[in-house]
Amino acid sequence: MSAALMEARDLSVHFSAHRGVARAVDGVSLEWRRGEILGVVGESGCGKSTLARALLGLVSPTAGAVASDGASVDGKAALRELRRNVQMIFQDPYQTLNPRQRVGTIVAEPLRVQGVARGDHDARVRRAMEDVGLEPGRFLDRYPHELSGGQRQRVAIAAALVLEPDGLICDEPVSMLDVSVRAQILQVLIELRRRRDLALLFITHDLSLAWSLCDRLAVMYLGRIVEHGSAVDVIERPQHPYTQALVAAVPVPSAEARIREPLSGELPDATNVPSGCRFHPRCPRRFEPCDSVDPPLLPAGSDGQLAACLLHDPQVAPDAVA
Amino acid sequence: MSALLEIRDLHVTHAGRPILDGVDLTLERGEALGLAGESGCGKTTTALALMKLLPGGFKQTGTMTLRPPDVEEPINVERRTEAGMQVVRWRHVSLVFQGAMNSLDPVKRVDTQIAQAIYLHERPKSAKDVGARIGELLTTVGLTPALGRRYAHQLSGGQRQRVMIALALACRPSLVIADEPTTALDVVMQAQILALLEHLREQLGLALILISHDLGVLSETCDRIAVMYAGRIVETGPVREVFAAPQHPYTKRLLDSLPVIGGSREMAAPIPGGPPDPGDLPQGCRFRPRCPYAAEKCLEDPALREVRPAQAAACHFAPWAEWPAAHEAAVEGAAG
């Protein structure tokens, strides 16, 4: 088996805040395979964006390690090589593009930073733009303010692709876009994966989207992965009470009326992580040891599916298995 | 009983460009109507026109009649002056803005802001009465009264949205317009706010206009839905019927482009291109350049007409018995 494109090994990112230490990412191990679309889902503040940033070394891990192609990413040279091979796009295409640069300059920037020979720039910029459905002739000389939201996100993707990376981390890339534009951008990404075997790490709070787009899915809660498995299994047959609540909260555009009970309360502060299972204060199915035992990821449901919940520990909850 | 709100032939122009072009809407007491459509289609403009809050430079015509249950004479909104509107806003119709997070005053405590809204519209018997009512309002929206002592920055996003709803309810209006009330919130908080709105409708008999680009949100909260495109309503009807059997190609393609858990994971072909510029509208049906079913006939403007019981669509070919396999529309410059 070939090594994963990227891997987090027991990764933690802690920040010092007013009220103590915020455990944004708190012991995450995750494998992102080559050519795979991996989704990371969870509520705002669960640590999914911090995890993505830590993978690219944009924030320094407090503990644990990041590996690329099986080799630990250590030192400046390794980081530089990683950032050529794995790119990132962000949620807000209005804020990530330099307003004073033309599209052609923006897309060529990574080539300059990585020191690619000047003579190659033009052809590579044009190819990247064509890959995302932007005609170079029409768009090369435009400024970001002359573009629609969807076109700006295409420019951001083109700039990310110009170095022909193996992986692209997408942090909520379509959550600010309208339905029809959103579908167009997703089609661009799916097409890139099909044609170039581009691996995507998709960070989103949109569970329907994660379900339809991703191969595998990790659900995060307060800095931890609480469930992990194939996207279809995790969303259609969730095994962790938190995932079950998340899925139940998704509004469905359907002809049938539905009654649901939303999860009560809010995500606790990352400076004040509850004891035991961090979800226990909000969990509708908590039982005796949940406030004192921090559950590891345990086999649950289908093949390879994991859930960090004591309901799946036959020794603690022999009768309660979901 | 006559309708709570009737909007007839509402037109809004900006610098001569039509932003809204003949919008008709009726809302019964206690009813929840969803306004759907993508950015720039006129959803928010419709709400602002109803509140007469459009910025200078916009011109509006058309009639808007409000018949609150506790008022004898109907209110003709279009004839009201600014002073007259101040009586209507908050007291009869209130608006919860998009991005409510930023609509609270950062230097005033929550209870002070709610008290101001009450004093602006009523002469309460005593400060004690107002205090009690603020406590009641906060409880109604699911907050503890003690939160009234806090400032906006001390609240979470969901709590701020609840405060905004409490403010909207402060003068007991019969209609609340909520413009993308959950867009900035994630699924769990969104579900809580939607459940709250539903609860308030039942408890207070409130009518609701919910503006959202998220069809899932509308399907769970509304009785009826109106889909807007380029300044017009292109389809309207009971939510369940419209979602089960859409009668306008735009509605159909919008619904197709949303993945539904448990349905097909295959992504449908996106609607090509983007909505037209109001200063450069296509001839005939405004959706024609993006419509996979467009034909010669579509160069004529289709009227919004009833095509199934209670369901109306502005499409020459409606009612659609079935949707033919779509040939892709030829759109210039497909990048949206």
Side-chain angles (χ1 to χ4, degrees), chain A residues 41-46 132-135 138-139 147-151 154 175-188 190 205-213 231-232 235-236 242 245-258 260-267 282, chain B residues 37-41 142 156-159 182-196 213-221 239-245 250 253-275 290 333-336:
Chain A
V41 299
E43 290 170 86
S44 345
C46 72
V132 299
L134 289 175
E135 274 172 63
R138 273 181 66 203
F139 290 99
L147 307 177
S148 70
Q151 287 164 347
R154 285 174 200 256
S175 62
M176 291 204 29
L177 302 174
D178 265 321
V179 185
S180 67
V181 180
R182 190 185 125 125
Q184 292 168 8
I185 296 293
L186 291 172
Q187 206 187 34
V188 166
I190 293 168
H205 65 266
D206 185 335
L207 294 175
S208 316
L209 177 62
W211 166 81
S212 79
L213 185 72
V232 172
I235 300 295
E236 293 184 11
Y242 177 62
L246 271 188
V247 172
V250 175
V252 182
S254 77
E256 275 128 67
R258 206 160 55 101
R260 57 202 161 98
E261 272 174 56
L263 190 64
S264 60
E266 296 189 20
L267 193 70
R282 296 171 82 190
Chain B
E38 298 182 86
S39 319
C41 70
S156 72
Q159 287 171 334
T182 61
T183 306
L185 306 174
D186 54 44
V187 266
V188 174
M189 210 48 64
Q190 167 171 287
Q192 289 179 7
I193 296 290
L194 294 180
L196 170 65
H213 68 276
D214 186 333
L215 296 171
V217 165
L218 297 179
S219 101
E220 298 214 349
T221 320
V239 142
R240 316 257 161 259
E241 270 82 59
V242 171
F243 284 157
Y250 179 61
R253 296 295 294 260
L254 267 189
L255 284 167
D256 283 351
S257 56
L258 289 170
V260 178
I261 292 171
S264 165
R265 282 178 87 220
E266 202 62 35
M267 243 174 240
I271 308 174
R290 305 173 74 191

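Chain letters run A, B, ... following the sequence lines, proteins first and then strands; every chain starts at 1.
No donor-acceptor pair under 3.5 Å is formed between the side chain of Glu43(A) and the backbone N or O of Val187(B). Here the side chain of Glu236(A) pairs no donor or acceptor atom with the backbone of Ile261(B) at under 3.5 angstrom. Side chain of Gln187(A) to backbone of Ala269(B): no donor-acceptor contact under 3.5 angstrom is found.
The distance from atom CZ of Arg182(A) to atom NE2 of His213(B), rounded to the nearest 0.5 Å, is 7.5 Å.
For chain A, the nearby part of Leu258(B) is the side chain; its heavy atoms alone come within less than 4.5 Å. Residue contact with chain B, scored on non-hydrogen atoms closer than 4.5 Å, involves the side chain of Ile190(A) exclusively. If you measure heavy-atom distances from Leu147(A) to chain B, you find no contacts under 4.5 Å at all. For a residue to count as touching a neighbouring chain, one of its non-hydrogen atoms must lie under 4.5 Å from one of that chain's; by this rule Leu255(B) touches chain A with the side chain only. Gln159(B) touches chain A through backbone and side chain together, each having a heavy atom under 4.5 Å away.
Residues Glu38(B) and Val181(A) come closest through the heavy atom pair OE1-N, 4.2 Å. Of all non-hydrogen atoms in Gln190(B) and Pro251(A), the two that sit nearest each other are NE2-CG, 3.1 Å. When all heavy atoms of Val188(B) and Arg282(A) are compared, the pair lying nearest together is CG1-NH2, 3.5 Å.
Of the listed residues (Ala183(A), Ala231(A), Gly42(A), Ala245(A)), the greatest number of heavy-atom pairs within a distance under 4.5 Å of chain B belongs to Ala183(A). Between chain A and the options Gly262(B), Ser257(B), Pro275(B), heavy-atom pairs under 4.5 Å are most frequent for Gly262(B). The most heavy-atom pairs under 4.5 Å with chain B, out of Val179(A), Asp206(A), Leu213(A), come from Val179(A).
Contact annotation: the side chain of Met267(B) approaches that of Leu209(A) to within less than 4.5 Å [non-hydrogen atoms, C-beta and beyond]. With contacts defined as side-chain heavy-atom distances shorter than 4.5 Å, the pair Ser180(A)/Arg290(B) qualifies.
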